Amino acid sequence: MLRQGILRCQRAFAPSLQVSKTTVNRNGTAYVRTCYAVQTRRASAAAPTADTLKKPDMFCYQCEQTKSRRGCVTVGVCGKSPQVAALQDLLMYVIKGLAVHANRAINMGVYSNEECDDFVKKAMFSTLTNVNFDQDRFPEYIRQAVEYREEFRVPLLAAYAKSGKPVCEALTQGPAVWKSEKGYEDLDYLASEGHKVGVLEDQQIYGPDINGVRYMTLYGIKGLSAYACHADALGESDPWVSKFIYRALDFLESASQADKFDLGLNLKLALDVGATNMRVMELLDKGHRRLLGVPTPTNVLSTPKAGKCILISGHDLVDLHTLLKATESTDINVYTHGEMMPAHMYPKLNAFKSLAGHFGGAWQNQKIDFATFPGPVLASTNCVIEPLRSYRDRLYTLNETGINGVKHLDLHDPVQLQQLLEHAQSLPGFDAKTANKYEDRNLVVGFGREVILQHADTVINAVKTGDLQRICVIGGCDGSEHKRNYFTNLAQSLPAQTLILTMGCAKYRLNTINFGTLGNTGIPRLLDMGQCNDSYGAIMVAKALADVLETDINSLPLSISLSWFEQKAVAVLLSLLSLGVKNIKLGPIMPAFLTPGVRQALEETYGIVPIDIRHPMEDMNDMLHN
């Protein structure tokens, strides 16, 4: 089936392959005109105008919110400036050059550098959607990437000389030899270099179809790098993961021409990214449980307490753990926000008296939530938004997050941590009158894989009696678009004989609704399994149920409606595909980097279809009877 889908793709993409054989001048005007002329011919028979021949200020289509569902060309919908976009493109370019060296050094037996492995994952994490908007941070990333590359170059070339093998061409051109001619202080120069090496430049080489598949792979690598950073922080790592990252990036940059244009190899690499991401999420799952305990169902307080306070948003539970330890002997209360809410399901975090509850909603509401919170606010990972003036001086970024002019904090630095605590003490915090304005929302988290599997017999019996006819996974990312109301409407339309599993910030579309319990089982119909970082648990539940029922995942009474937003979600989607999971409904809008031809191939091979925004009832009926 996969091979048939690949062949259909190859036939459909034949025009793109012919276009992509054109010789490209990355630095010349002729290249820009050719690129846009190609796009115009594919879209319309009309002659290109002066506007279509002009290269845009930027081009980014890595997330769901991208402009006009095609790509952001003047400024990112996320708020990313053209300068930051170009610096990120240059960073990814030089990281590919680093990967070319690292992969070959590994193969030649002359590579071992854990610091570089960590750097590459963090640098790639910094380019995710809504992570780092600080243009002043990227020159250092770029400089470090070049320095690591040059460190490997000398022993690598020596190894080639010793072996008698000729130095491969990939080490003599492109990102493998790029160096800044003006140092790393001139942002305009670095941005101009980045402006030469982005999506549109690659599209001229490969055509929009194969280029889309290649960028899906790249975005998946970014997502798994982010998850790997979370796992590393928990003390869980696997050197094989970094080796895979280098190998995958090396293929994207320097594979033979025949391999680069082989759709089958490109799709296989994408599935390999998904399989590697499964390994990373297994490490993350292990680290959470080792450090924080096994999740347990927990009622989360959403009414503030009177007193001084700090709010922490994002995903990194190690940061929260560090903060709770620091505030335990003070009168400062710590509140979670956004994707931090599942922290309350871990016993070792709940043991801290300074963990006071949860404040606010999903990440996209932070301009309201942060503005009304009367204490310092920490952004630990992705999903940070350019702040309002009202709280800009109270906002801190951590790890790879960054906003120009906003204080960046290292929680492991005692001096900086003490300054944060003093800042919290200097702010008003909640008084009793203000705290009473907030009503408890009856939030419940903690239905991890262990809890669900402990009740596997009850679930299986409910299937046999008809109390449970379908398990629906409605999870993933959230955003501000009204189209995402679809997921709420879908959940509310599901009959009482369905069980709903949710994880990620998609929970905020569902977790204030009372779905009741499943028949006479006493099991809540809505089970919040945690963060997007906990997607591994949902997959393990599905595999375990399939084993008990002596079937496969695709034969289970299981439906998946995945809300995607950014590159972590791409990695999770590729993980599902690597396991052979079919019939996923994806939305609210299909990724712009997947052309109609690629989407058709994915539908034919895996049954992936876009959600029907206007007709959730029809989608519901399809899910129940598919």
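Please read all numbers here as calculations on a predicted model, not as lab measurements. All values below come from the heavy atoms of this structure, side chains included, with hydrogens, waters and symmetry mates left out.
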Backbone of [Y] reached by a side-chain donor or acceptor of [X] within 3.5 Å:
{"X": "S493", "Y": "L490", "value": "yes"}
{"X": "T502", "Y": "I474", "value": "yes"}
{"X": "W363", "Y": "S313", "value": "no"}
{"X": "Q62", "Y": "T127", "value": "yes"}

Does anything in [range] pair up under salt bridge (Lys or Arg N to Asp or Glu O under 4.0 Å), and if so which pairs, sequence neighbours excluded?
{"range": "residues 63-81", "value": "E64-R69, E64-R484"}
{"range": "residues 561-570", "value": "none"}
{"range": "residues 438-453", "value": "D285-R449, R289-E450"}
{"range": "residues 519-532", "value": "K507-D528"}

[X]: partners by side chain to side chain donor-acceptor pair (under 3.5 Å), with sequence neighbours left out:
{"X": "S559", "result": "R470"}
{"X": "T381", "result": "H315"}
{"X": "N130", "result": "Q65"}
{"X": "N277", "result": "S575"}

[X]: which residues meet the ring-ring contact (aromatic ring centres under 6.0 Å, His included) condition with it, sequence neighbours left out?
{"X": "Y215", "answer": "Y219"}
{"X": "Y508", "answer": "none"}
{"X": "H337", "answer": "F370"}

Residues D202, R214: salt bridge by 4.0 Å N-O rule: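 Between R214 and D202 there is no salt bridge, as every charged N stays at least 4.0 Å from the carboxylate O atoms.
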salt_bridge(D272, K268) N-O dist < 4.0 Å: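 Yes.
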Pairwise distance CG(L249) to CE(M92) - rounded to 0.5 angstrom: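 L249 atom CG to M92 atom CE measures 6.0 Å (nearest 0.5 Å).
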Ring pair (Phe, Tyr, Trp, His ring centres under 6.0 Å) between H615 and Y486, worked out: CA-CA 8 Å; H615 305 100; Y486 161 89; over 10 Å; no
Between Y346 and H288, ring centroids under 6.0 Å: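 Yes: the rings meet the under 6.0 Å criterion.
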Contacts of type side-chain contact (heavy atoms from CB on, under 4.5 Å), residue T517, not counting sequence neighbours: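 Once residues adjacent in sequence are excluded, T517 has no partner under the side-chain contact (heavy atoms from CB on, under 4.5 Å) criterion.
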